[in-house]
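Below is one structure, written out as structure tokens; the observations come after it.
Quick note on labels: first sequence line is chain A, next is B, and so on, each numbered from 1.
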Amino acid sequence: MIQSLRGMNDILSEEYERFEYFLTTASTIAKRYGFHYIETPLLEETALFKRSVGESSDIVGKEMYQFIDKGENDVCLRPEGTAGVVRAFVQHKLDKKGGIHRFYYNGPMFRYERPQKGRLREFHQFGVESFGVDSVYEDALMIMMVADILKALGIGYRLKLNSLGDQNCMPAYREQLVGFIESCGDAICGDCERRKLTNPIRVLDCKNEACQILYINAPKLIHHLCEGCQSDFDTLKTILDQHDIAYEIDTNLVRGLDYYSKTAFEFVSDNIGSQSAIAGGGRYDRLIEFLDGKPTPAVGFALGIERLMELIVMPETVREGYYLGAMDAQAVTPILLCAEKIRRTQKAVVEYEPRSLKAHLKGADRINARYCAVIGENELAQNTIWIKDLVEKTESVIPMNELLSLLAL
RNA sequence: GUGGGUGUAGCUCAGUCGGUUAGAGCAUCAGGUUGUGGUUCUGAGGGUCGUGGGUUCGAUUCCCAUCACCCACCCCA
């Protein structure tokens, strides 16, 4: 038997209902916030991700589905959504056009990781990117939008907030931190030794207790923000307070993608295992110029759909549409004709095998139909159809030619 | 990539200290006399015991490999 590739799942009917419910909910909210849909290719030039996400990141360093195509192009399946949207933004010269551009997207992302709960090799994200707005109000808007979406889906969360600084304060801080780590000498663990070079801030949330003791007095970026970053961060906190959005400052919160600066946030859930991040985002003011565009301020976020699906509280399903069945082989033809009429406005599912009334009622119940419509010997003789409302538990026999007017009601 | 666990019917799981026809619940289908569901009763169908090797007279049970899933690390959505 041929199986799907490791970490790549099919999304079957019942599960897809959740998926679709999520998408409509999230898209509706994004549109209300003034965002427009954008679709970008799944396959992009590898260089795009190397320059945006960053070669030092795990995502680019070891998780990309990268290959050379038949035209000798170095390509890869997108591991995240932002890079492609920024590429499109620059390619279509929207940076030069100026103004504000707000997009939302959704689709599969690919990362060659070891699968576990909430971590797949092909997974789906819903994301939003905003270009051209400098103000922290836009950062707050992002967070409010995620909060809105999660609320609409009945999902509880914790919001972690941090500021990563900008080119004025970040590099200086980074240097200071690396200096501090070096002062610890050989006492730090192997992981930290590696992090020191790749992503020094990660050192601060090392799980190793010995390391933690060493880092108690490590400099924190939050205390070394420049004036602009500090006041933006303060404003952001104020806005969130005003909107009753609870948050916790996590000075160790680092986004794993190199392009972030200033605001960084992560929504986490305690109910889905160790892969607890359900949404993450932040500001990335430098990315557009990294990708050869005109410097443009930008913020965005992405939600992990599969992780969310575990948490979504679905609205109660209501019975809808018709189930049609025949009790006599002769009745199959009129049943099919009825179904065709019903389907002009409503759902109609036909059972082709003639069966007992009991079997049909069971069938109607199973597919959660509102009405069970059956034609048997009696109805056939009188050119009528028997219809039972499975909710009201009422039944009636109506002439076939009245069926359409009944449906119009 | 590292460490640990699991893999028996569609689903959830028993079981076999290696020995003939592998079990349960749920689900499915059919019946409980004449055309009524989401609750019951009876019965039926359905498994090469993840896959491939090895040990053995004999393996679903033991060993090895492999694949998939789960957990932790790592990382992130």
Fill in: Among A:R121, A:R78, A:E63, side chain to side chain contact (heavy atoms under 4.5 Å, CB included) partner for A:R111
A:E63
Worksheet, complete the sentence: Comparing nearest nucleotides in RNA chain B, the 5'-proximal residue of the pair A:K358, A:L390 is A:K358
Worksheet item: Which residue lies toward the 5' end of RNA chain B, A:A359 or A:G304, if each is placed at its nearest nucleotide?
Response: A:A359
Discussion item. Categorize A:E395 for me: base, sugar-phosphate, or nothing, with a 4.0 angstrom heavy-atom threshold over every strand shown.
Written reply: base
Item to complete: Determine the Euclidean distance between corresponding C1' atoms of B:rA9 and B:rA24; express it in Å to zero decimal places.
Response: 11 Å
Practice prompt. Would you kindly check whether a donor in the side chain of A:E379 faces an acceptor in the base of B:rG35, or vice versa, at under 3.5 angstrom?
Written response: yes
Discussion item. I'd like the C1' distance from B:rG23 over to B:rA30, given in whole Å.
Written reply: 23 Å
Worksheet item: How is A:E353 classified with respect to the nucleic acid when contacts are heavy atoms under 4.0 Å: base, sugar-phosphate, or nothing?
Response: nothing
Worksheet item: For A:E175, does the CD atom sit with more than 12 other heavy atoms under 6.0 Å from it, leaving out its own atoms?
Response: no
Worksheet item: Within the structure shown, what part of the strands sits under 4.0 Å from A:G363 by heavy-atom distance: base, sugar-phosphate, or nothing?
Response: nothing
Practice prompt. Give the nucleotide from the list B:rA72, B:rA77, B:rA30 with an atom nearest to the side chain of A:S274.
Written response: B:rA72
Worksheet item: Can you tell me how far P of B:rC74 sits from CZ of A:R111, to the nearest Å?
Response: 17 Å
Item to complete: For the pair A:F126 and A:F301, name the ring-plane relationship: parallel under 30°, tilted 30 to 60°, perpendicular over 60°.
Response: tilted
Discussion item. Any strand counts, and the cut-off is 3.5 Å on both contacts for Watson-Crick or G-U wobble. Which nucleotide pairs with B:rG7?
Written reply: B:rC67
Discussion item. Could you tell me how far B:rC69 sits from B:rA27 if I compare only their P atoms? Round to whole Å.
Written reply: 29 Å
Practice prompt. Give one of base, sugar-phosphate or nothing for A:E80, where a contact means two heavy atoms less than 4.0 Å apart.
Written response: nothing
Worksheet item: Counting any heavy atom closer than 4.0 Å, what does A:A364 reach on the DNA or RNA strands: base, sugar-phosphate only, or nothing?
Response: nothing
Worksheet item: Can you tell me the Watson-Crick or wobble partner of B:rA14, both distances under 3.5 angstrom?
Response: none
Worksheet item: With a 4.0 Å cut-off on heavy atoms, is A:I278 in touch with a base, just the backbone sugar-phosphate, or nothing at all?
Response: sugar-phosphate
Item to complete: State the pairing partner of B:rG1; accept Watson-Crick or G-U wobble contacts with both distances under 3.5 Å, and report none otherwise.
Response: B:rC73
Fill in: Rounded P spacing from B:rA14 to B:rU6 in Å
11 Å
Item to complete: Determine the Euclidean distance between corresponding P atoms of B:rU8 and B:rG52; express it in Å to zero decimal places.
Response: 16 Å
Discussion item. Suppose you measure atom C1' in B:rG3 against the same atom in B:rU20; what distance do you get, rounded to whole Å?
Written reply: 42 Å
Practice prompt. First locate atom CG of A:L161, then atom CD1 of A:I143, and finally report the distance between them rounded to the nearest 0.5 Å.
Written response: 5.0 Å
Worksheet entry | Nucleotide nearest A:L357 (side chain, heavy atoms from C-beta), chosen from B:rG37, B:rG1, B:rU36 | B:rU36
Worksheet item: If the P atom of B:rU60 is compared with that of B:rG18, how far apart are they to the nearest Å?
Response: 14 Å
Discussion item. Base, sugar-phosphate or nothing for A:G7? Non-hydrogen atoms, less than 4.0 Å.
Written reply: sugar-phosphate
Item to complete: Answer with base, sugar-phosphate or nothing: what part of the nucleic acid does A:I367 contact at a heavy-atom distance below 4.0 Å?
Response: nothing
Worksheet item: Rounded to the nearest 0.5 Å, what separation is found between the CG atom of A:L164 and the OG atom of A:S261?
Response: 7.5 Å
Discussion item. In this structure, how many angstroms lie between the P atom of B:rG35 and the CD atom of A:E377, rounded?
Written reply: 9 Å
Worksheet, complete the sentence: Side-chain contact check for A:R114: nearest option of B:rG37, B:rA77, B:rC70 is B:rC70
Fill in: Member of A:L303, A:I272, A:V268, A:I305 meeting the side chain to side chain contact (heavy atoms under 4.5 Å, CB included) criterion with A:I278
A:I272
Worksheet item: In terms of heavy-atom contacts, does CD of A:E248 have more than 12 from other residues, nucleotides or ligands at under 6.0 Å?
Response: yes
Worksheet item: Looking across every strand, which nucleic acid part, if any, lies under 4.0 Å from A:N368 by heavy atom: base, sugar-phosphate, or nothing?
Response: nothing
Item to complete: Identify whether a stacking contact exists between A:F123 and B:rA77, where the ring centres must be under 5.5 Å apart and the planes under 30° apart.
Response: yes
Discussion item. Taking the P atom in each of B:rC70 and B:rG53, what is the distance between them to the nearest angstrom?
Written reply: 28 Å
Discussion item. Determine whether a donor-acceptor pair (one donor, one acceptor, N or O, separation below 3.5 Å) exists between the side chain of A:R355 and the base of B:rG35.
Written reply: no
Worksheet item: Taking the side chain of A:R366 as heavy atoms from C-beta outward, which of B:rA77, B:rU28, B:rG35 is closest to it?
Response: B:rU28
Fill in: Base paired to B:rC29 (Watson-Crick or G-U; both N/O distances under 3.5 angstrom)
B:rG43
